[in-house]
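Hydrogens, waters and symmetry mates play no part in the numbers below; they use all other heavy atoms, side chains included. Everything quoted here is computed from the prediction, not taken from an experiment.
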Amino acid sequence: MSRLLNLIAGPLLARELVFPEVDLSVPAGEPGLVGPGSVSWRVFSNPVSLTIGGVAAVLLELGEPKVRAGVWDHSSFRRAPRERMRRTGLGAMITVFGPVSLVRSYTARVNAIHAQVAGVTDAGETYRADEPELLRWVQATAAFGFVEAYGAYVQPLNAGERDAFYAEAVAGARCYGVERPPASEAECVALLEAMAPRLEPSAVLDEFIYIMRTGAILPWSARPLQPMIVRAAIDLLPSAIRSRLGLELRLSGAERLVLRAAARLAGRVEVPEAPWAQATRRLSRPAAGGAPRRS
């Protein structure tokens, strides 16, 4: 059964990273923020580990009261979780694989939306989505989730590669208005430890986990993976933070093997219209009046 699931789910999840609404193969020769030799290109090319890491990031984000209120009260996640996750995925693909001009125009639109999001938490704290510390937390949790999931389910990364991933993320983070994004693994770990006292369990966190386990998130034939993905995401979190958030779902050894097999199979599937394939074509063609550029 697990082998059949992997054979079905791997290609399906690889195709989930196709976004017809953008074409990252143009303009010819224009570089991105990071290039084909980067750790970021490797990490963001695997849909299984990206999904696991993305769920881990949201768990951390929803643990922080201000971020939780901003996400849950001002987004469509509860009504349309699949569409909301695809929009988030599109933003990540543009930031990593898109030409610089598109990254800047896209992030400017996102920043304008964030500037309008404000409110009050259940505990009476006022917040704005563009508060520097909230932006820093959201960016750091995403970087943490993605790099941890890739190392756990696709291929281990050494300390230098992990530091490189965080350093490569700095340029994109600054486009989103993030001040002092963690530029190394040590800086990210320090931020997680500093923020831990603010993290707390909540009904919203429980609802998010329920939606991710049971909702129509993945293609129907890959949905048996969803409960495993949630447990894998929880497993990625530091044990002290898991305890603070009251997260007890754990992944079995057999489930870990299933997810690793699915991730490795998905990484071998060729998808001509995937963002990294489009970006490769863009960089292989000369810009107007010149030779091909290299990011």
Side-chain angles (χ1 to χ4, degrees), residues 53-81 83-85 87-89 91-92 95 107-146 148 166 169-170 172-183 186-213 215 230 233-234 236-249:
V55 174
V58 177
L59 292 172
L60 290 169
E61 291 165 18
L62 295 181
E64 204 287 328
K66 291 185 177 182
V67 177
R68 178 169 65 244
V71 170
W72 217 242
D73 296 344
H74 297 273
S75 82
S76 60
F77 190 93
R78 186 180 298 173
R79 300 188 308 275
E83 290 75 12
R84 181 65 179 83
M85 288 190 69
R87 286 200 301 275
T88 301
T95 305
T107 55
R109 292 195 300 272
V110 172
N111 294 342
I113 293 171
H114 285 168
Q116 301 175 44
V117 174
V120 181
T121 70
D122 291 341
E125 286 186 295
T126 60
Y127 68 85
R128 293 184 55 87
D130 57 1
E131 288 181 38
E133 287 309 305
L134 299 189
L135 290 174
R136 188 172 186 237
W137 178 241
V138 170
Q139 189 274 333
T141 59
F144 172 84
F146 293 142
E148 291 296 321
Y166 284 105
V170 168
R174 287 179 175 155
C175 288
Y176 285 97
V178 180
E179 299 174 7
R180 301 181 297 110
E187 289 184 16
C188 187
V189 169
L191 180 57
L192 289 172
E193 292 175 350
M195 289 291 288
R198 281 194 56 82
L199 305 184
E200 61 184 21
S202 69
V204 167
L205 194 57
D206 294 339
E207 185 176 356
F208 168 73
I209 290 172
Y210 177 79
I211 291 171
M212 291 305 304
R213 294 179 68 196
V230 171
I234 291 171
L236 289 181
L237 305 184
S239 59
I241 288 179
R242 279 201 308 270
S243 297
R244 287 196 65 87
L245 296 179
L247 300 176
E248 298 178 353
L249 294 171

Q. Would a 4.5 Å heavy-atom cut-off, applied to side chains only, mark R136 and M195 as touching?
A. no
Q: Enter the distance from L199:CG to L59:CG here, rounded to the nearest 0.5 Å.
A: 11.0 Å
Q: Take atom CG of D122 as the centre, draw a 6.0 Å sphere, and report whether it contains more than 12 heavy atoms from other residues, nucleotides or ligands.
A: no
Q | Heavy-atom side-chain contact between I241 and L247 under 4.5 Å | A | no
Q | Polar side-chain atom of N111 near backbone of D130 as donor-acceptor pair, under 3.5 Å | A | no
Q: Report yes if some heavy atom in the side chain of P182 is under 4.5 Å from a heavy atom in the side chain of Q139; otherwise report no.
A: yes
Q. Would you find a donor on one side and an acceptor on the other, under 3.5 Å apart, between the side chain of R128 and the backbone of A115?
A. yes
(Q) Rounded to the nearest 0.5 Å, what separates atom CZ in R87 from atom CZ in F77? (A) 11.0 Å
Q: Please round to the nearest 0.5 Å and tell me the distance separating atom CD1 of I211 and atom CG of D206.
A: 11.0 Å
Q) Any side-chain heavy atom of R213 within less than 4.5 Å of one from L249? A) yes
**Q.** Test: E187 and R180 ion pair at under 4.0 Å
**A.** no
Q.
I need the K66 NZ to T126 OG1 distance, nearest 0.5 Å.
A. 6.0 Å
Q: Ignoring hydrogens and angles, tell me if any N or O in the side chain of E131 forms a donor-acceptor pair with the backbone of L134 under 3.5 Å.
A: no
(Q) To the nearest 0.5 Å, what is the distance between CD on E200 and CZ on R244? (A) 8.5 Å
Q: Heavy atoms only: give me the nearest T95-G172 pair and the separation to one decimal.
A: CG2-CA, 3.9 Å
**Q.** Non-hydrogen atoms of V170 and P181 that approach each other most closely
**A.** CG1-CG, 4.0 Å
Q) Looking at L245 and G63, what are the two nearest heavy atoms and their distance? A) CD2-CA, 3.7 Å
Q. Is the shortest side-chain N to carboxylate O distance from R198 to E133 below 4.0 Å?
A. no
**Q.** Residue pair L205 / Y210, side-chain heavy-atom distance below 4.5 Å
**A.** no
Q: With rounding to the nearest 0.5 Å, note down the distance linking CZ in R84 to CZ in R79.
A: 10.5 Å
Q | Y176 to G91 - nearest heavy-atom pair and separation | A | OH-O, 3.6 Å
Q | Taking every non-hydrogen atom, the tightest pair across L236 and G53 | A | CD1-CA, 4.5 Å
**Q.** Atom of R242, atom of I234 and distance for their closest heavy-atom approach
**A.** CD-O, 3.1 Å
Q: Classify the angle between the aromatic ring planes of H74 and Y127 as parallel (below 30°), tilted (30 to 60°) or perpendicular (above 60°).
A: perpendicular
Q: Flag the pair L191 / F144 as yes when at least one side-chain heavy-atom distance between them is below 4.5 Å, and no otherwise.
A: no
Q. Using 30° and 60° as the class limits, which term best fits the ring planes of W72 and F208: parallel, tilted or perpendicular?
A. perpendicular
Q) Less than 4.5 Å apart, any side-chain heavy atom of E125 and any of V120? A) no
